[in-house]
Visitor: 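Quick one: this structure, given as structure tokens, is what I'll be asking you about.
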Amino acid sequence: METGFQDRTAAVIGLGALGNELVRLLGLHGAAEVLLVDPDKVEPSNLAKCAWYCAPGVVGRPKAEALAELARAWFPRTRWLAAAAEVADVGWRRLQGRDVLFCCVDRDSARLETARIATRLDLPVCDGGMNTSGASGRVSWYPGRGGACHGCRLSAARRRELLRTWSSAAYPCRVPEEPGGWTATPSLASITAALQVHFGAIWLGRREPQGRSVEFRLDGPLRLEEFLVPLNDACPFHSGPPPRLVSIDGPFRDALGPGEEASWEWAVCLRARCLDCRHEWNPRLRAVRLRREGACPQCGSRRLLELDTRCSIRAGDAMAEFGPAALGLPPEHLYSIRRGRQREETG
């Protein structure tokens, strides 16, 4: 039986048409606290599909901040928090312990990043998606570390391609554009969000341990079917015992013992060179973001080369004198502490 989300905590990742509808429904359900995550600003094109953004003065503002402010006025019983960032740039302490993550993104890379966070923190994900070419959609449940995740559904080649963009330390600064941007109607977004909340409440209420997916089609013969999503043994997110995660707010050296290293999921580029004007600078930016949208600050070229890209700091390393903020890492983050150079394989 559906138990609702009263007194539950959640995060909504992606605040387009689907995320807008989820905010309304979670507010009506009386959720205790909801973190809203999206890096983008409201554009005029959002107004045809997102009712919240039709409020005066919202265009041009960060989606997460505007939506949190509007939701507070409508649903004061819920604590609404905003993170105007991609989910990979949100500190894990802000996500740790939440009852469920609602994933409303339209790109495989963001879904896979959410899956990685969820398996590391052992959080369930309720994912929603809409078909851009027809009146259809799906709602999927990924229960956490012990069950299937979005990575389990990807082909080995696609998973390997995405993981390589995270971990490569010598990578020209470009990644292929991903298709995105739903063309679905507002009514389809409303239906998908309603099913996401309805089935998400059921699965969460019974602590569903298996991956599941509900798929529906409204054109042609009406269809609503539920499938099990099996855990894929080839998905690296489920291999080996989880590492110990710790908070580090000061210099890394204070958190590391002899022979230890602190690591994080997504490599950060500390030094880069423009291949056109040869200018070198310190981006201190997540490498995937630099590869996707970075430009030389001197000439504007997109032809960049990463000279120092890291996803760990070892005891005794010169960089251990710095804290996470100085390296461009997100506030309120959690880090894996390992001995020596042993690391978990991710591809």
Side-chain angles (χ1 to χ4, degrees), residues 10-23 34-41 43 46 50 62-64 67 82-92 94-95 98 100-121 123-132 137-142 144 148-155 158-167 174-184 189 192-193 196 200 211 213 235-237 264-268 285-294 330 333 346-347:
V12 178
I13 301 162
L15 301 175
L18 190 54
N20 264 241
E21 292 296 319
L22 272 165
V23 166
V34 182
L35 174 66
L36 304 179
V37 180
D38 196 295
D40 297 330
K41 294 183 179 180
E43 299 179 0
N46 297 132
C50 305
K63 287 180 177 180
L67 194 47
E86 295 183 5
V87 67
D89 290 319
V90 177
W92 288 7
R94 303 194 71 183
L95 298 168
R98 296 196 177 273
V100 63
L101 308 181
F102 285 100
C103 188
C104 306
V105 299
D106 61 352
R107 290 176 171 83
D108 271 343
S109 57
R111 279 195 168 94
L112 198 62
E113 288 163 355
T114 302
R116 185 50 160 171
I117 294 167
T119 52
R120 276 295 174 90
L121 300 182
L123 302 176
V125 175
C126 190
D127 178 78
M130 298 176 288
N131 191 325
T132 59
R138 59 160 182 75
V139 172
S140 299
W141 175 258
Y142 305 122
C149 71
H150 181 70
C152 295
R153 301 184 75 156
L154 296 176
S155 69
R158 179 61 173 154
R159 187 170 58 237
R160 187 164 51 248
E161 176 190 359
L162 291 169
L163 291 175
R164 188 165 54 95
T165 68
W166 294 357
S167 58
R174 294 303 294 272
V175 293
E177 288 289 331
E178 284 187 87
W182 287 324
T183 59
T192 306
Q196 211 170 344
S213 187
C235 178
F237 293 177
W264 52 92
E265 288 301 321
W266 294 286
V268 172
L285 185 69
R286 187 162 48 92
V288 172
R289 284 190 61 195
L290 188 70
R291 295 162 189 170
R292 187 173 62 238
E293 57 195 52
H333 200 41
T346 57

Visitor: Can you tell if the side chain of Val34 reaches within under 4.5 Å of the side chain of Val23, non-hydrogen atoms only?
Guide: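 No, side chains not in contact.
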Visitor: How far apart are the closest heavy atoms of Thr192 and Gly129, and which atoms are they?
Guide: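 Shortest heavy-atom contact: CG2-O, 3.9 Å.
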Visitor: Distance check, rounded to the nearest 0.5 Å: Ile117 atom CD1 versus Ile13 atom CD1?
Guide: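 Going from the CD1 atom of Ile117 to the CD1 atom of Ile13 covers 6.5 Å.
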Visitor: Restricting to non-hydrogen atoms, name the atom on His333 and the atom on Gly91 that form the minimum distance, rounded to 0.1 Å.
Guide: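 Nearest pair, atom of His333 first, then Gly91: ND1-CA, 3.7 Å.
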Visitor: Salt-bridge test for Glu113 and Arg116: reply yes if a basic N is under 4.0 Å from a carboxylate O, no otherwise.
Guide: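 Looking at Arg116 together with Glu113, the answer is no, because their closest N to O distance does not fall below 4.0 Å.
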Visitor: What's the spacing between Arg98 CZ and Leu121 CG if we round to 0.5 Å?
Guide: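 Arg98 atom CZ to Leu121 atom CG measures 11.5 Å (nearest 0.5 Å).
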Visitor: Rounded to the nearest 0.5 Å, how far does SG of Cys235 lie from CG of Leu112?
Guide: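 Here the rounded value is 7.5 Å.
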Visitor: Of all heavy-atom pairs between Val90 and Pro330, which one has the smallest distance, and what is that distance?
Guide: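 For Val90 and Pro330, the tightest heavy-atom pair comes out as C-CB, 4.3 Å.
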Visitor: For Pro62, check side chain to side chain contact (heavy atoms under 4.5 Å, CB included) against everything at least two apart and list the hits.
Guide: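 Applying side chain to side chain contact (heavy atoms under 4.5 Å, CB included) to Pro62 gives Glu65, Ala84.
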Visitor: Is there a donor-acceptor pair under 3.5 Å between the side chain of Asp38 and the backbone N or O of Lys63?
Guide: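 No, the answer is negative, given that no donor and acceptor are paired below the 3.5 Å cut-off.
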Visitor: Please name all residues satisfying salt bridge (charged side-chain N to carboxylate O under 4.0 Å, His left out) with Arg138, sequence neighbours left out, ordered by chain then number.
Guide: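 Per chain and number, Arg138 pairs via salt bridge (charged side-chain N to carboxylate O under 4.0 Å, His left out) with Asp127.
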Visitor: Please give me the minimum heavy-atom distance between Val87 and Thr114, naming the atom from each residue.
Guide: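 Heavy atoms only, the tightest pair is CG1-OG1, 3.8 Å.
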Visitor: Just wondering, do Phe237 and Leu163 contact through their side chains at under 4.5 Å, heavy atoms?
Guide: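 Leu163 vs Phe237: side chains touch.
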Visitor: Quick one, Arg111 and Tyr142 - any side-chain contact, counting heavy atoms below 4.5 Å?
Guide: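 Heavy-atom side-chain distance check fails, nothing below 4.5 Å.
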Visitor: Side chain to side chain contact (heavy atoms under 4.5 Å, CB included) with Val268: which residues, sequence neighbours excluded?
Guide: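 Val268 satisfies side chain to side chain contact (heavy atoms under 4.5 Å, CB included) with Trp264, Leu270, Leu329 only.
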Visitor: Provide the closest heavy-atom pair for Ser109 versus Leu162 in the form atom of the first, atom of the second, distance.
Guide: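 Taking every non-hydrogen atom into account, CB-CD2, 4.0 Å.
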Visitor: Can you measure from CG (Leu35) to CZ (Arg94) and round to the nearest 0.5 angstrom?
Guide: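 CZ of Arg94 is found 5.0 Å from CG of Leu35.
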Visitor: Go through the steps to decide whether Asn46 and Asp40 satisfy the test side-chain contact (heavy atoms from CB on, under 4.5 Å), and finish with yes or no.
Guide: CA-CA 11 Å; Asn46 297 132; Asp40 297 330; over 6 Å; no
Visitor: Just to verify, what does Glu293 make a salt bridge (charged side-chain N to carboxylate O under 4.0 Å, His left out) with, not counting sequence neighbours?
Guide: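 Testing Glu293 for salt bridge (charged side-chain N to carboxylate O under 4.0 Å, His left out), a comparison that skips the adjacent residues, returns Arg289.
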Visitor: Once salt bridge (charged side-chain N to carboxylate O under 4.0 Å, His left out) is applied, do any residues pair with Glu86, and if so which ones, sequence neighbours excluded?
Guide: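 If we apply the salt bridge (charged side-chain N to carboxylate O under 4.0 Å, His left out) test to Glu86, skipping adjacent residues, the hits are Arg286, Arg292.
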Visitor: Between CG of Leu285 and CZ of Arg291, what distance do you get to the nearest 0.5 Å?
Guide: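 Reported to 0.5 Å precision, the distance equals 10.5 Å.
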Visitor: Applying side-chain contact (heavy atoms from CB on, under 4.5 Å) to Val100 and Trp141, what does each step give before you reach the verdict?
Guide: CA-CA 10 Å; Val100 63; Trp141 175 258; 4.1 Å; yes
Visitor: To the nearest 0.5 Å, what is the distance between NE2 (His150) and SG (Cys103)?
Guide: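 Rounded to the nearest 0.5 Å, the NE2-SG separation comes out at 8.0 Å.
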Visitor: State which residues pass side chain to side chain contact (heavy atoms under 4.5 Å, CB included) with Ala148; sequence neighbours excluded, sorted by chain then number.
Guide: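 Partners of Ala148 by the side chain to side chain contact (heavy atoms under 4.5 Å, CB included) criterion, ordered by chain and then number, come out as Cys152, Val229.
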Visitor: What pairs with Gln196 under side chain to side chain contact (heavy atoms under 4.5 Å, CB included), at least two apart in sequence or on another chain?
Guide: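 Only Leu18, Leu22, Phe102, Cys104, Cys126, Val139 meet the side chain to side chain contact (heavy atoms under 4.5 Å, CB included) criterion with Gln196.
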Visitor: On a heavy-atom basis, which atom in Ala64 and which in Leu15 lie closest, and how many Å separate them?
Guide: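 Closest approach of Ala64 to Leu15, heavy atoms only: CA-CD1, 3.5 Å.
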